[in-house]
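This report refers to the structure that appears directly beneath it.
Convention: sequence-line order gives letters A, B, ...; per-chain numbering from 1.
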Protein chains: 2
Amino acid sequence: MAEHEELQAMRLLIDLLADKWTIAVLASLCGGGGAQRFNAIRRAVPTISQKSLVTCLKRLERNGLIERVVMTTGELAVEYRVTPLGRTLDDPVAALLQWSAMHSPAVRAARHTFAERVAADAGAWGREPLAAA
Amino acid sequence: MAEHEELQAMRLLIDLLADKWTIAVLASLCGGGGAQRFNAIRRAVPTISQKSLVTCLKRLERNGLIERVVMTTGELAVEYRVTPLGRTLDDPVAALLQWSAMHSPAVRAARHTFAERVAADAGAWGREPLAAA
DNA sequence: CCGTATCCCACGAGATACTG
DNA sequence: CAGTATCTCGTGGGATACGG
């Protein structure tokens, strides 16, 4: 799978994608042709909080995946756009997407099996172990 | 990139891989031919704590990616082995690995650029803003 | 050897209120 | 419109000690 330092490099990418909103934000950005304004993203990802969106955007910017562009029109307007580096995420994200489509049902099934097995184990030696606590 | 429900399925996979140790543990398991004993994994991933390893293994088991096998020899011995479902992770993980190899230097470079830019912005309007706090 | 139990801290993230 | 500032809570994870 991987040997030693590759793991560390991979953590970098995983940490990039792992937080709760990054993928959704990126999807919104790409959906908007690669650029969106702050509140447009908020509307596209309705359940995100302001704070989380700001944090998320800052991280993406810090890592060079998106760019923050202050528009020079009269009103205050800021646009976020995906950089070329950000575009390169398409490949790994596509791989994740494909795996999810193919195997996530199996994972859900495994969870149910596991839950039942645990319940059976609990029932095998005594009733209501939780009540004893 | 992705539209609506795919995101939720992807979260499942990301959550699987996101915690600090899963990838390393999986790598150790695969390195051991697909099966390793508890303390063998610990030695392979020296900086992990007992607690974290237990937690990590439980999650992997719960999601059907590995199997816990109690050996029926005299001494207490437990082996963890990758399931067929677990093997299917090779594809997405390989994609992550490849991206990391190709682009992680660019991310690190972006971080430095960003840090310098921030420092320049800070220096432009006043010295030692941190000292003021 | 293979864990469980407890304490403790850091951090992600929601809610809410305020500013340029 | 595009943020910043606090508060608070839940959880991940390290350290340590104990149990089967």
Side-chain angles (χ1 to χ4, degrees), chain A residues 11 14-25 28-29 32 35-63 66-81 118 121-122 125-126 129-130 132-133, chain B residues 7 11 14-25 28-29 32 35-63 66-81 118 121-122 125 129-130 132-133:
Chain A
R11 279 236 58 84
I14 293 182
D15 289 340
L16 248 47
L17 304 176
D19 73 283
K20 199 171 174 183
W21 299 109
T22 315
I23 303 278
V25 168
S28 161
L29 243 25
Q36 291 275 106
R37 302 214 2 217
F38 187 87
N39 282 317
I41 304 174
R42 272 197 90 180
R43 283 186 292 274
V45 190
T47 51
I48 195 174
S49 70
Q50 267 180 1
K51 182 196 170 191
S52 297
L53 181 52
V54 171
T55 312
C56 184
L57 289 170
K58 275 196 180 145
R59 282 185 58 174
L60 288 170
E61 189 195 358
R62 184 173 111 80
N63 291 285
I66 67 173
E67 226 176 1
R68 181 177 182 275
V69 188
V70 180
M71 313 292 281
T72 58
T73 63
E75 272 300 294
L76 172 53
V78 178
E79 204 178 71
Y80 292 90
R81 46 181 77 157
V118 170
D121 288 358
W125 51 264
L130 296 170
Chain B
L7 294 180
R11 280 237 59 83
I14 293 181
D15 289 340
L16 247 47
L17 304 176
D19 72 283
K20 199 172 175 183
W21 300 109
T22 315
I23 304 279
V25 168
S28 160
L29 243 26
Q36 290 276 102
R37 305 226 344 228
F38 187 86
N39 281 317
I41 304 174
R42 273 196 90 179
R43 283 186 293 273
V45 190
T47 50
I48 195 174
S49 69
Q50 269 177 3
K51 182 194 171 190
S52 296
L53 180 52
V54 172
T55 312
C56 184
L57 290 169
K58 275 195 181 147
R59 282 184 59 172
L60 289 170
E61 191 195 357
R62 182 173 113 79
N63 290 287
I66 67 173
E67 227 176 0
R68 182 177 181 275
V69 187
V70 180
M71 313 293 281
T72 59
T73 63
E75 272 301 294
L76 172 54
V78 178
E79 206 178 69
Y80 292 90
R81 46 182 77 156
V118 169
D121 287 359
W125 52 264
L130 296 170

Measure the distance from [atom1] on [X] to [atom2] on [N] and round it to the nearest whole Å.
X        : N       : atom1 : atom2 : value
Ile66(A) : dA2(D)  : CD1   : P     : 13 Å
Asp19(A) : dG14(C) : CG    : P     : 10 Å
Asp15(B) : dT11(D) : CG    : C1'   : 13 Å
Arg59(A) : dC11(C) : CZ    : P     : 12 Å
Leu53(A) : dA13(C) : CG    : P     : 12 Å
Glu61(B) : dG3(C)  : CD    : C1'   : 13 Å
Met71(A) : dG3(D)  : CE    : P     : 13 Å
Leu16(A) : dG12(C) : CG    : P     : 13 Å

Check this one for me: any side-chain N or O of [X] less than 4.0 Å away from OP1 or OP2 of [N]?
X        : N       : answer
Arg37(A) : dA2(D)  : yes
Arg68(A) : dG3(D)  : yes
Lys20(A) : dC11(C) : no
Tyr80(A) : dC1(D)  : no

Considering only heavy atoms from C-beta outward, does the side chain of [X] approach that of [Y] to under 4.5 Å?
X        : Y        : value
Ile41(A) : Leu57(A) : yes
Arg68(B) : Tyr80(B) : yes
Arg42(A) : Gln50(A) : yes
Leu60(A) : Thr22(A) : yes
Arg81(B) : Val69(B) : yes
Phe38(B) : Leu53(B) : yes

**OP:** Using atom types as modelled and distance alone, determine if a side-chain donor or acceptor of Arg11(A) lies under 3.5 Å from a backbone N or O of Ala18(B).
**Re:** yes
**OP:** For the pair Arg59(A) (side chain) and Val54(A) (backbone), establish whether a donor and an acceptor sit closer than 3.5 Å, ignoring hydrogens and angles.
**Re:** no
**OP:** Assign each of Glu75(B) and Leu76(A) to its nearest nucleotide of DNA chain C by heavy atoms, then name whichever residue's nucleotide is nearer the 5' end.
**Re:** Glu75(B)
Original post:
Bend across the helix from dC1(C)-dG20(D) to dG20(C)-dC1(D), to 10°, with axes taken over 5 pairs at each end?
Top reply: 40°
Original post:
Near DNA chain C, under 4.0 Å by heavy atom, which residues of residues 40-52 of chain A?
Top reply: Ser49(A), Gln50(A), Lys51(A), Ser52(A)
**OP:** Between dA2(D), dC2(C), dG13(D), spot the one nearest the side chain of Asn39(A), thanks.
**Re:** dA2(D)
**OP:** Decide whether Ser52(A) and Thr55(A) meet the rule of one side-chain donor and one side-chain acceptor closer than 3.5 Å.
**Re:** no
